[in-house]
Protein chains: 2
Amino acid sequence: MPVLSQPEAMANTAPPVIILVRPQLGENIGAAARAMMNCGLYDLRLVAPRDGWPNPAAVPMAATGADIIENATVYSSVGDAAHDIGFLAALSARRRDLPVRYADPRQTSSEILGHGGRSGLMFGPEASGLDNDEVALADCLVTAPLNPEYPSLNLAQAVLLMAWEWRVAALAATDDNGLTRQDADRDTTSTSRRDPAREPRRDAPASIQERDRFHQRLEAELDAGGFFISPEMAPAVKRNLRALFARAAPSSQEISTLHGVIQALTKTRNRNKSG
Amino acid sequence: MPVLSQPEAMANTAPPVIILVRPQLGENIGAAARAMMNCGLYDLRLVAPRDGWPNPAAVPMAATGADIIENATVYSSVGDAAHDIGFLAALSARRRDLPVRYADPRQTSSEILGHGGRSGLMFGPEASGLDNDEVALADCLVTAPLNPEYPSLNLAQAVLLMAWEWRVAALAATDDNGLTRQDADRDTTSTSRRDPAREPRRDAPASIQERDRFHQRLEAELDAGGFFISPEMAPAVKRNLRALFARAAPSSQEISTLHGVIQALTKTRNRNKSG
């Protein structure tokens, strides 16, 4: 007997994984699990929860999401937590000084449905949100068009908002009757809109882990080549490079090609080093 | 001077009033106020709150919604609380044996926008939900298409879900182009529809010439590093690398960074060559 109930059949894609990065309050983790249960999401991953794990404070707030809490997995880094994820969206109340792609929640849900592989939604700690380094790992940064006077959602509220948007989109994608008629009908005049059948056929993007490893190698080689002249600027330059490649969403094959590029460019240098 | 900030101009109708009927936990009232603030709703009405009013437990959870808590008004019945409301929607996790009209959250938001007068969203107590008598006062009963295994949202989550749906609909209705922002973003060929405020803060892509020069240099260095093992395959590999970078649409500044990457990675090699 499966430990977790399976979501009812509704979309071709699996529900997105929820990744909570350095969550502070067990109560919020529990409330997030309840919101996941409400919307039919089941895979909860925690990166370095502040108060350790398991956390008894999470259970009462989870309500029938208790199984989700019990089966939550813990990681030490975002890269590890996203090891099998091909499309990762980072949530933030505010825009960043990062050359990432921005999306809103509804657009992100469409992308999740359109992406063949496993998707993830990543949320930062209550007080501070995600680090820029964490955001730079993501395919897009999601900001919701909330009240500019106070756009900061409670953590579990942010999870609900994204899980709900995914659910409505997934139901619409699988429902013959079209639950969200007004959305489906809204853009009927724009024939120039993207037609998935006309999109170039591309391999699925590499996993976040593959991309992270490529960047770790690139950064190490750049370091060895004296690229980072100013140590204070190095983190920002690395983030910008990561964001640049993230925009291209390279496939596994392309990541492999990029490893070959590094190898070719550093060939003599590394041979000298070992010689 | 108004005690409450006014919502930014966005829809012709006022934001809906939130009516919490016999709410039990002050914390939930506070969290509901925060969700209202996040979405630009300001009028909170309480019908017979269990623990009386004011309730100090509501304040910490309200965050910057504290003014909403302070200005909340208390009534003894739904009829009184809805005295000035022309369109009232009742929220429920479950359907009732009542001849009411059912609606989903998105449809309800459209109705709120279409209704000239003041609208209200009514939520029942945490444990039991609204009485049938209370539901019968409403114009429609809203049930969200949530996980049938556990459709029961936390009270503040239900408020957020409805407030968010109203906000997205209201933003779409006030958009001059009559499009929601995600629709505008989706249609990448129609630059006139794009909302610059929602575009990623990025520099313009580099010219084709700048990108071409970068690739010529990269290809020459890769050639020197023995990257192109098979001469017949070289043109295809080069094209694929160009396509990969083209997808990222690098800016002039980024092209310059990429030149620096080539220089750093080939540093010793080229020094040896010239030495």
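By convention in this document, chain letters (A, B, ...) are assigned in the order of the sequence lines, proteins followed by strands, and residues within each chain are numbered from 1. Nothing here was measured: the structure is a model prediction, and the numbers come from that model.
Most heavy-atom pairs under 4.5 Å with chain A: of the set B:G260, B:A93, B:A31, this distinction falls to B:G260. Contact count against chain A (heavy-atom pairs under 4.5 Å) is highest for B:S152 among B:P105, B:P151, B:S152. Highest contact tally toward chain A, considering only B:I262, B:V237, B:T257, B:V261, is held by B:V261 [criterion: heavy-atom pairs under 4.5 Å].
For the 3.5 Å distance criterion, the side chains of A:Q157 and B:N38 fail to qualify, holding no donor opposite an acceptor. Judged purely by distance below 3.5 Å, without hydrogens or angles, the side chains of B:E210 and B:S252 pair a donor atom with an acceptor atom.
For A:A156, the parts lying under 4.5 angstrom from a heavy atom of chain B are both the backbone and the side chain. Residue contact with chain B, scored on non-hydrogen atoms closer than 4.5 Å, is absent for A:T108. Only the side chain of A:L258 comes within contact range of chain B, with heavy atoms under 4.5 Å apart.
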Decide yes or no on salt bridge (Lys or Arg N to Asp or Glu O under 4.0 Å) for A:R106 and B:E165, but give the supporting numbers first. CA-CA 11 Å; A:R106 213 155 278 183; B:E165 285 291 337; 3.4 Å; yes

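Looking only at distances, a side-chain donor or acceptor of B:R167 sits under 3.5 Å from a matching main-chain atom of A:P145. B:E254 contributes no side-chain N or O that, together with a main-chain N or O of A:L244, makes up a donor-acceptor pair within less than 3.5 Å.
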